[in-house]
Amino acid sequence: MTGTPARTLLLWCPDWPVLAAEIVDGVPATGPVAVLHANRVVACSERARAEGVRRGLRKREAQGRCPQLTVVDYDPGRDARAFEPVVAAVEELVAGVEVVRPGACAVAARGPSRYLGGEEAAAERIIEHVAQSCLVESQVGIADGVFAAGLAARSGRVVPPGGTPEFLAGLPVEALGRSALADLLRRLGVRSLGDFAALPAGDVLARFGFDGALAHRLAAGRDHRPLAVRQPPADLTVTAEQDEPIDRVDVAAFVARALAEQLHERLAGHGLACTRLGIEAVTEHGQELHRVWRHDGLLTAAAIADRVRWQLDGWLSGSSGRTGARPARPTAGIIRLRLIPDGVIAQAGLQAGLWGETGEERERAHRALSRVQGILGPEAVVTAVLGGGRSPADQVRLVPWGDERLPTRPGPAPLPGAPIARPGPALLSDEPIARPGPAPLPGAPIARPGPAPLPGEPIASGGGRAVSAGRPADHSAGGVPPWPGRLPAPAPAVVLPSPLAATVHDAAGEAVVISARLAVSAPPARLVVGTGRPAEIVGWVGPWPVDERWWAPAEARRRARFQVCLADGTALLLAVEAGQWLVEAIYD
């Protein structure tokens, strides 16, 4: 390739890993600080360099040169996060910024030099703006190409157009940033970039390979890599300021429709559609309200307007502060309304369902539930999600309608369940999540426990060591094996929010106890739940032992479960823990 590389302005922040540690973690950069990666120094502060610390030193040698050295682990994520405000400050003055690495960014010098009064004036303006906005010291270098501009920034130079090869010729070969190549070149007698650039390109390629040929082009000032400029995301948010505070639902609905159409037109102009909408409102007294709405399809202008109207109706029609299902209404009218497209996709990028578009019945149900959620709050409408776990209570998680239906524990894929609309605290529905089979017949075993464990051996343990006594492997739930120690099918229909205390007696009236080797003292004959009347047990099976988190004594839990069938046909799931019988669930 021929031609002159584009004039490039590169801003460089010295010792950026050290400054990032100060910005994020509060480590004072004015003291002796060293950032280590793989037990070697990758960056150090000016005070540490004065004590003899250099890049590439091992940790012990660096601490030997500077005993009071503060050591910080290298974190590229921290460096990138801390550098983002600097890039944003540069973008306030110039467009088309490329982040070369955390601590260095480059722009084409042609534009800033024209409207800021020349290259040197542009460099001074950018340095001053970054210092005022971010309180960060920086240096700017301008040259032909990104590589030469980066080296010029080390000394704050503005290399004149066409003078880049001459500027690079006097630099040592270590400036290439390739330690192995630089060491080899020095042993061959090539000590400067000018000496390296004078070598024939074909011989360099044959001797040093492709990377050596690329370094040879950089040493000669032939950096033709174009800037990979960063495109700032478009601001799609729409805001409506109100001269008179809004405290009536009909006025809010009129404002919501106009704002929704404005948002939809802005998204359509970028070829986007909204799937998650954020609604923000500010009252006259400065109170801030915020809610996020999710949708499994594309939100049209009418759908956006409906959700904004429902949300404003929920806010403005809230309770007056007394105890109730509705949240308290704002103390003043709304003066600012803002719509934020929190989730957007390409307008043609939504995959239709297997059986076509969403039906009208599903859409009507979704609109009704969303309306209830807007009035009563997001926690008032929940849906059940099945996941992993050994206890029936652990296998069910209630999530607000519209949120991600992800189980808290890995396990079988969640079954589709109908949403439960209810105000108040989250409780399990009386409707079964998974329909179990028939209740166990009297005397018929549901599952047979395996051999008793040896003394001191964990019965069934969590965290990868759990085993299930006498239960065959079940891979029916979508090909995902269930948790070890999990109850066999059928699943209970009703899981009690809090287990009920109970007592179990044998035929002689003695309490039934379970030994450490899972030996039952006598067959269970009667069950008393709380202060209720005794009920006859006509069938039982168990125990199924579980020993969870045995490695953490404060969180350890050891129990054994039974399934029992009463004379009236009721089937219960019982558990024995610390000598106490508990009723955990009821079978249908």
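In this structure, Arg154 forms a cation-pi arrangement with Trp12, its terminal cationic atom sitting closer than 6.0 Å to the ring centre and no more than 45° off the ring axis.
Residues forming a salt bridge (Lys or Arg N to Asp or Glu O under 4.0 Å) with Arg266 (at least two apart in sequence, or on another chain): none.
Test Val282, Val238, Leu259 against Leu337 for side chain to side chain contact (heavy atoms under 4.5 Å, CB included) and you get one pass: Leu259. The side-chain hydrogen bond (donor to acceptor under 3.5 Å, both in side chains) test with Glu61 singles out one residue from Lys59, Arg58, Arg65, Gln63, and that residue is Arg65. Looking at Val190, Val173, Leu188 one by one, the single match for side chain to side chain contact (heavy atoms under 4.5 Å, CB included) with Asp195 turns out to be Val190.
The minimum heavy-atom distance between Glu284 and Pro245, with the atom names listed, is OE1-CG, 3.4 Å. Between Glu137 and Pro14, the closest heavy-atom pair is O-CD, 3.8 Å. Pairing each heavy atom of Leu9 with each of Ala122, the nearest pair is CD1-CB, 4.4 Å. Closest heavy-atom contact between Ser45 and Pro32: OG-CA, 3.6 Å. Of all heavy-atom pairs spanning Leu19 and Ala29, the tightest one is CD2-CB, 4.1 Å. Contact record, Cys134 with Ala89: SG-CB, 3.9 Å, taken as the closest heavy-atom pair.
Annotation: His290, atom NE2; neighbour count of heavy atoms from other residues, nucleotides and ligands within 6.0 Å is above 12. For CD of Glu46, the number of neighbouring non-hydrogen atoms (other residues, nucleotides, ligands) closer than 6.0 Å is 12 at most. Heavy-atom neighbours of Arg81 CZ from other residues, nucleotides or ligands within 6.0 Å: above the threshold of 12. For CD of Glu288, the number of neighbouring non-hydrogen atoms (other residues, nucleotides, ligands) closer than 6.0 Å is 12 at most. Around the CZ atom of Phe210, the shell of radius 6.0 Å holds no more than 12 heavy atoms that belong to other residues, nucleotides or ligands. Residue-environment remark: CG (Asp73) stays at or below the threshold of 12 foreign heavy atoms within 6.0 Å. Atom CZ of Arg125 has 12 or fewer neighbouring heavy atoms from other residues, nucleotides or ligands inside a 6.0 Å radius.
Side-chain contact between Leu299 and Arg307: present, with at least one pair of heavy atoms (C-beta onward) separated by less than 4.5 Å. Counting only heavy atoms from C-beta outward, the side chains of Val24 and Asp75 never approach each other to under 4.5 Å. Residues Arg338 and Thr237 meet the side-chain proximity criterion, which asks for heavy atoms closer than 4.5 Å. Residues Glu124 and Ile127 fail the side-chain proximity criterion, which asks for heavy atoms closer than 4.5 Å. Between Phe147 and Leu168 there is a side-chain heavy-atom pair separated by less than 4.5 Å. In this structure the side chain of Arg78 never reaches within 4.5 angstrom of the side chain of Pro76, judged on heavy atoms. Residues Leu184 and Arg207 form a side-chain contact, since some pair of their non-hydrogen atoms from C-beta on lies under 4.5 Å apart. No side-chain heavy atom of Pro341 sits less than 4.5 Å from a side-chain heavy atom of Leu272.
The backbone N or O of Ala152 lies less than 3.5 Å from no partner atom in the side chain of Arg157, so there is not a single donor-acceptor pair. Here the side chain of Asp342 pairs no donor or acceptor atom with the backbone of Gly278 at under 3.5 angstrom. Formation of a donor-acceptor pair under 3.5 Å by the Glu577 side chain with backbone atoms of Arg559 is not found in this model. Although no hydrogens or angles enter the test, the distance criterion places a donor-acceptor pair under 3.5 Å between the side chain of His216 and the main chain of Phe196. Formation of a donor-acceptor pair under 3.5 Å by the Thr8 side chain with backbone atoms of Ala6 is found in this model. Remark: the backbone N or O of Arg110 is paired with a side-chain donor or acceptor of Ser113 at under 3.5 angstrom. In terms of modelled atom types and a separation under 3.5 Å, the side chain of Arg276 and the main chain of Val292 share no donor-acceptor contact. In this structure, Arg178 contributes its side chain and Leu176 its backbone to a donor-acceptor pair below 3.5 Å.
Atom CZ of residue Arg7 and atom CG of residue Asp144 lie 5.0 Å apart, to the nearest 0.5 angstrom. With rounding to the nearest 0.5 angstrom, the CD1 atom of Ile23 is 9.5 Å from the CG atom of Asp79. Atom OG1 of Thr70 is separated from atom CZ of Arg47 by 9.5 Å, given to the nearest 0.5 angstrom. Ile142 contributes atom CD1, which lies 11.0 Å from atom OG1 of Thr164 (distance to the nearest 0.5 angstrom). Rounding to the nearest 0.5 Å gives a distance of 6.5 Å between CD1 of Ile279 and CG of Leu312. Summarising the geometry, atom CG belonging to Leu199 is positioned 8.0 Å from atom CG belonging to Leu185; distances are rounded to the nearest 0.5 Å.
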Legend entry - Check against side-chain contact (heavy atoms from CB on, under 4.5 Å), Val33 and Asp15: CA-CA 10 Å; Val33 181; Asp15 307 326; over 6 Å; no
Inset, instruction - In sequence, state the C-alpha distance, the side-chain angles, and the governing distance for Tyr115 and Val94, and then conclude on side-chain contact (heavy atoms from CB on, under 4.5 Å). - result: CA-CA 10 Å; Tyr115 58 78; Val94 298; 3.4 Å; yes
Inset, instruction - Please report the C-alpha distance between Val86 and Leu11 in whole Å, then the side-chain angles of each, then the deciding distance to 0.1 Å, and finally whether the side-chain contact (heavy atoms from CB on, under 4.5 Å) criterion is met. - result: CA-CA 10 Å; Val86 178; Leu11 180 136; 4.1 Å; yes
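With respect to Arg336 and Glu280, no salt bridge is recorded, no charged nitrogen being found less than 4.0 Å from a carboxylate O.
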